[in-house]
Amino acid sequence: MTAPTTEKFAMGKSMKRKEDPRFLQGKGNYIDDINLKGQLYMALVHSPYPHANIKGIDSSAAMKVEGAVACVTSKELNAYNVGWLPTFHGLDKQMVLADGKVLYQYQEVAACYAETREAAYDMAELVEVDYEPLEVVNNPFKAMKDDVILRPDRENKTNHIYNWNVGDSSATDAALAASDHVVKQHVVFPRCHAAPLEPCGCIAEFDTMGRLQFYVTSQAPHVYRTALFLVLGIPEDKIHVISPDLGGGFGNKVPVYPGYVCAIAGALVLKRPVKWIETRTENLTSSFARDYHMDIEIGASNDGKLTALKVNTVADHGAFDAAADPSKYPAGMFGIVSGSYDFPVAYANLDAYFTNKQPGGVAYRCSFRVTEASYLIERAMDIVADELKMDPTELRRKNFIRKDQFPYKSPLNFTYDSGDYEHTMDVALERIGYKQLLKEQAEKRAKGELMGIGISTFTEVTGAGPSKHFDILGIKMFDGAEIRIHPSGAGIIRTGSKSQGQGHETTWAQIVAEELGLDPQNFLVEEGDTDTAPYGLGTYASRSTPVAGGALALAARKIREKARKIAAHVLEVDERDLEWKDYKFEVMGAPGKSITMKEIAFAAYTNPGDNEPGLEATLYYDPPNMVFPHGTYVAVVDVDRETGETKVRRFLAIDDAGTIINPMIVEGQVHGGLTEGFAIAFMQEIAYDEAGNNLATNFTDYLVPTSLESPSWETGHTVTPSPHHPIGAKSVGESPNVGSPAAFVNAVIDALSPLGVRHIDMPLTREKVWAAIRAAEGQAAD
Amino acid sequence: MNEIPVSIKINGKQVTASVESRTLLVHFIREQAELTGTHVGCDSSSCGVCTVLLDGDKPVKSCTMFAVMAHGHEITTVESLAPGGVLHPLQQAFWDQHGLQCGYCTPGMLMTSVALLKHNPNPTEHEIREGLSGNLCRCTGYNNIVKSIQQAAGVMSQAIPAAADD
């Protein structure tokens, strides 16, 4: 037997991405690149009013446009019983097209179908809608008064959607009352949007067999198939969902949008394929992330030991509760708000309200509200340190959950799997040169210059999730993987996850190649096609590696066990005498007598003996627990006292994502997430004015950082494997977005602290920072 | 409908079609020339995923230019960069340096970079960042795109003397 010629140790290698050649040559296959014969184009009519009754809709002028085919309103949809769709976590339903009234500006009111894109938009311009404006409720504090009931369609005549709480309320209150210090702060995480560069879109066609062929920008194609069955009543075998290459997602491509339903309804009634591609304005106005108004109280002893944590949150969910959260977690994983710290007691309470704003509460590179939670606790830790006159790293060090406390049961009901927070922070402080920075800062402060150092030592919870806790629309949040090995030792890998740029075509091949000792270059990875891929809940919430990645490793091990039997037959030994060693099966006690997986693959199709021929496996992985990545991020900023402009001089991210599959891809994920976190901290907000007008409807008002203002990122890692994940991996895609906003804001506030500034809510635009400096200097002058 | 004949040389091939005068160049490229590597991202000239080269070396945002404005001109798109499947040094560098993730901004980034290096073969990091500032990327954070362009600049400046010898 020859030694394996295949790539060894595929894991942990910075293998170049297998998907890149097509993207580099303009040969990606994104939704708008797909065209079906005879397709119609659809354009939507949007409401200019945030809250209004609809007295009438007149499409007669629109229908006179050359190429006009049809105009559909809620009346037609209701006739087909598809006027409303259930939201993902099942607590609400959402209008497809405005039914009697509009509830937010830009809400979809009518759908126009035409022979060309231009004709469809011409139609949409000409649809006349008679609106009767109503009083606008533009924030949750107004909503909670219930003076105006936004959703009379609901059983309970209130704007209050739900209350969610976790932890021990009375013990927390008692501990706070007994504490030497209680630090309180109101913190807002503003409304923002993931804004992938490719907007959402779809093409719907009912083929000659009456089967729905649905091409759609979906991070969760299988969930869409089941959701479409629930909404439309079409049997699931008659629905084929294809999610092609996605131009980014970051959570924006999880929800089922009204436009999708309109396209399908149009295709059904008009018996032609219907294509709908969002405009950027439609993309920015159809959903949102965050919008949490949080009050935090932290108790501490004189020597800096934390005694209790209490958080009260008011959540603005917009017009419909369209948050894509697991059923039992309406506020997502917000319970991670106790962070990396060993609080003896804690309590978190949240109330969600309807307002006249776009619906959602979907993620923005975030595992279900983890970013809000991490930002809050990391911001608050700095405020506590400030009040106790402690260095923020010392306060953290004193209160970290220690390495020997894992598995750690948090007071808010998570069981953290593993971590070494102090070590990761030490690595970061050493590399950034913390002591020298403090010295430099002291010198600058003496000269009146504003330099800030911001620390964030976050813990994230990802990988939803164990079926005993997690489901969406009742479907448990496991993932499937299927691996087929061909006779030559090449193969195909399919999962229910769906890459949007994360590089699954490369990393999934690396996981399987490592388990089987085969060449990762010779694995085709296929995702996004519900006819071929095994069921899975999709890619969001940093769940792909924790769940689908686990399924892949275990499916590969299943193949290995089958391969053992074939190896035994070929080598004419008992399978118990074989051991998997150095990426091949070796006969124990007979060194040199071995067989590679490549040889076994050939034998599986040519000489399987009494064994079932072929070499393939399908496995569904139900993770036993979530995974808990952590990290220490350090931002160093200089704030211009005269203009309020912040310059991020350095930013270091030390991430602990557990076992690393591909360091190059991990670093790329961190760079991208940090840039999104930078955007959130400094420039992004979907603001509304008093009248309910959305003020961030394009990329000139809703900013995405360019290459000029984006900092250069420094990265590194520590590795604390997850004890329960098959390959010890955790996740990394969202960590930089979860952990970095606090580091940026902490740095700016640290810079301003000599002036007495304690907190500024994001985004920290130069205007806001300038105003805070002026206000502080004015106070000092008084 | 007000249709007028438009003829544009795209990647060396003359493409002629009657289109509405309001037809955007990007739609002409994607639908008449059937070259879908040029994308649409923001409809407002902000993101640059629609960037193509006008008359060889001038990057333009094809979502904010009418097809009629390009009549009689030459347009170069990403599909021209790898004749015969041999990657352009910039494409190779983006691959080597992990300068792309979802790939949606990549064609526009590449075309802007081609023009950048044509006008400035040895740009500093700041010049690269300035040159790219009309092209947004949501995935990479730009670090690796900058590195990619630096790699390509190195490779291409070495290649020039060799070509001159021929």
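Naming convention: chains lettered A, B, ... in sequence-line order (proteins, then strands); numbering from 1 in each chain.
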Hey, does the side chain of [X] reach the backbone of [Y] with a donor-acceptor pair shorter than 3.5 angstrom?
X        : Y        : result
B:Arg129 : A:Ser710 : yes
B:Arg138 : A:Gly248 : no
B:Asp43  : A:Arg280 : yes
B:Trp95  : A:Arg17  : yes

Which bit of [X] is near chain B, if near means a heavy-atom gap under 4.5 Å: side chain, backbone, both or neither?
X        : result
A:Asn662 : neither
A:Arg22  : neither
A:Gln500 : backbone
A:Gln669 : both

Provide the closest heavy-atom pair for A:Leu24 versus B:Gln91 in the form atom of the first, atom of the second, distance.
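Looks like O-NE2, 2.8 Å.
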
Quick one, B:Phe94 with A:Asp20, criterion side chain to side chain contact (heavy atoms under 4.5 Å, CB included). Give me CA distance, side-chain angles, the key distance, then yes/no.
CA-CA 9 Å; B:Phe94 270 67; A:Asp20 286 358; over 6 Å; no

Nearest 0.5 Å please: distance from the OG1 atom of A:Thr675 over to the CG atom of B:Asn143.
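Output value for this atom pair is 7.0 Å.
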
Close contacts, [range] versus chain A, judged by heavy atoms under 4.5 Å:
range                      : value
residues 75-89 of chain B  : B:Val78, B:Glu79, B:Ala82, B:Gly85, B:Leu87
residues 96-109 of chain B : B:Asp96, B:His98, B:Leu100, B:Gln101, B:Cys102, B:Gly103, B:Tyr104, B:Cys105, B:Thr106, B:Pro107
residues 48-71 of chain B  : B:Val49

Sorted by number, residues from residues 25-37 of chain A in contact with chain B (heavy atoms, under 4.5 Å):
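Hits under 4.5 Å: A:Gln25, A:Gly26, A:Lys27, A:Tyr30, A:Asp32, A:Asp33.
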
